[in-house]
Amino acid sequence: MGVTGGREGHEGDEGVFDAMAAIPDGAAPGDQQDRDLDAIVIGAGFAGIYMVYRLRESGFAVRGLEAGGGVGGTWYWNRYPGARCDSESMYYSFSFLPDFEQEWPLEQRYPTQPVILRYLQTVAERLDLLKDFRFGTRVTSVTWDEPAARWTVRSAGGYEATARFLITAVGALSAANVPAFPGAETFAGEQYSTANWPHAPVPLAGQRVGLIGTGSSGVQVLPELAKEAGAVTVFQRTPQFVTPAQAGPLDPQLVAMWKANYREIRRRTKFTPGGIPIPGPHVSAFELSEHERRARCEEAWRRGGIWFLDGTFIDAVTDVAANTVVADFVRSKIDEIIDDPETAEKLKPRTYPWGTKRVPIGSDFYETFNRQNVRLVDLRADPIEAITPRGIRTASAEHELDVIVYATGFDALTGALTRLGVRGRGGTALPDAWPGGPRTYLGLSVPAFPNLFTITGPGSPGVVTNVPAAIEQHVEWIDELLCFARARGSTTIEAAQDATTEWTTHVQDVASQTLYASADSWYMGANIPGKPRVFLPYIGGLDVYRRKCDEIAAAGYPGYAFDGAAAPALQGAGHGAG
Ligand code: NA7
């Protein structure tokens, strides 16, 4: 039986991704053709919703296309039990709706998937955006028509549209990665991917569940599976440094204070590195005594979430010794929490620095291993050999299962783009333009792909920040650039090779000042076999990035060519980030 759920561009793979069949492409209301558009936006998550709104308000004829049956993006698909955002509720929303932000209830510290989905649905309805989207429309080809200087977009169901500009709002973590284990199709039970979870409740009572993957999704789903299932076997390839979320209801007094100051908080959010204005650490681990270091880690752990991620030491991800202080602290917590020393040992990360794989934020993840119905299989010592009709066979045993849950991550940042089938000038396919890894200007533009803009694309800070904050910056900047081109009567906007090389080099240079490159993470493309090993997002900070983009806009967009003529040369040496 195939994995239930599905959406990624696996045409012809419907047996594996069969829930997508529930949204027949082409069944969407509206015409089968759109010929007179200024812009097409692909995706209806935070990015697509805001981009369509901005362009519409700027007077462009714009159409949003979305594979799913409604708005939500990430939050439409990732419906697994326990799914919630790692950013706190107060920050995880649009900042451009000052009246609505007063109205919208803030109840839990971290918004759950149903709450975020409802938020996006409500925003889309309030802004009257649903009519501007065509849902159930899976884009399978995007081609630059050189003579017309327009993009032609086609969907699996035969819809075709052309537009001057194409903006991808497809998400950085949306192309699900489900490894092809031998024999998966022979499994007699049910298989689910967290990234494509069914809309209907999945009955798990009394079932023997196997969970593959212990990244953020696996960390969130495990406690919920364990509460319901008869037994859960966790198949772990790499242990993680899981941080406690310290989730719970928000104090109404805090919410009232927050709402009274929302405008100022939003203003500060725009000029913080991570899009969340919390005071960062100002001390090196080595300015403190051992006792003080421990106390600082304890306090950050007690506060949980981002306060531990960003709240220990200023050198936690740049200095090996400082990093070891944090890593040892988390390992000591694992020992404290887990009853069985052998399980605790298997759960302790030892092969990469703390923070260099995306740190999962969990609720009762480690505690769940103290339950009688949860077992851990260490795949490093006991690898998966095959999936059989009865379960998962590892080197040492066959684990009998009724259900397999894949929480195996995403082809991050590039996967959703390359799966669109984009072809630029001369028919060049996007993956062919990126043989050694993605090359972009500001994470937003690619040479030889004129009039294409990639919200939270590779080289953007999006995914290492509070994502809506980065999305708003990208959307507003793209909208202003399109207005600029319209005002000067330009037909094409294209990133220059030299500016692209400079930005791409800068993205790697900034990452190389940290310990990130030493881990096999999705940041490095290391989770996808054969993917070039480069650091994918921009880690220099959203504040630095925003200033850089503002400077470029103010200077008339150097680094771009308009109608083939270069805009002024880049001013100043380098990009001034660090
Ligand atoms: P992640 O963080 O990429 O986690 C995927 C997990 O699946 C991770 O534990 C992987 O182990 C594991 N995995 C992947 N492929 C395999 C194979 N072939 N065999 C066994 N285990 C495998 O994805 P998530 O969905 O949890 O989170 C993604 C992001 O979404 C998250 O970082 C947040 O930003 C939100 P590995 O560590 O690669 O050895």
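These numbers come from a predicted model, not from an experiment. Order of appearance sets the numbers: ligands from 1, and atoms from 1 within every ligand.
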Quiz item: Side chain of Q191, backbone of A184: donor and acceptor closer than 3.5 Å?
Solution: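 Here the side-chain-to-backbone pair exists.
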For ligand 1 and [X], I'd like to know whether there is a polar contact (N/O to N/O, distance under 3.5 Å).
X    : result
W522 : yes
A407 : yes
S216 : yes
D86  : no
S217 : yes

Quiz prompt | Pair Y76 + H199: ring centers closer than 6.0 Å | solution =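 So the answer is yes for these two rings.
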Practice problem: Verify whether the ring centers belonging to Y406 and Y192 lie closer than 6.0 Å. | Solution: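 Here the rings of Y192 and Y406 have centres that are no less than 6.0 Å from each other.
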Given that the side chain starts at C-beta and the backbone is N, CA, C, O, which of these parts of [X] lies under 4.0 Å from ligand 1, counting heavy atoms, or is it both or neither?
X    : value
Q236 : neither
A526 : neither
L173 : side chain
Q220 : neither

Exercise. Note the single closest protein heavy atom to atom 23 (O) of ligand 1, along with its residue, its atom name and the distance in Å.
Key: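 Minimum-distance protein heavy atom for atom 23 (O) of ligand 1 reads G409 CA, 3.1 Å.
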Taking only distance into account, with no hydrogens and no angle test, what donor-acceptor pairs under 3.5 Å do side-chain atoms of residues 519-529 form with protein atoms, sequence neighbours excluded?
residue	atom	partner	partner atom	Å
D520	OD1	R533	NH1	2.6
D520	OD1	R533	NH2	3.4
S521	OG	Y523	N	3.2
S521	OG	M524	N	3.3
N527	ND2	F410	O	2.8

Quiz item: Is it true that F235 lies under 4.0 Å from ligand 1, counting heavy atoms only?
Solution: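 Contact check F235 vs ligand 1: negative.
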Quiz item: I42 and side chain to side chain contact (heavy atoms under 4.5 Å, CB included): which partner among I455, I167, V139, V422?
Solution: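 It is V139; the other options fail the test.
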Quiz item: Can you name the residues that form a salt bridge (charged side-chain N to carboxylate O under 4.0 Å, His left out) with D543, not counting sequence neighbours?
Solution: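 Once residues adjacent in sequence are excluded, D543 has no partner under the salt bridge (charged side-chain N to carboxylate O under 4.0 Å, His left out) criterion.
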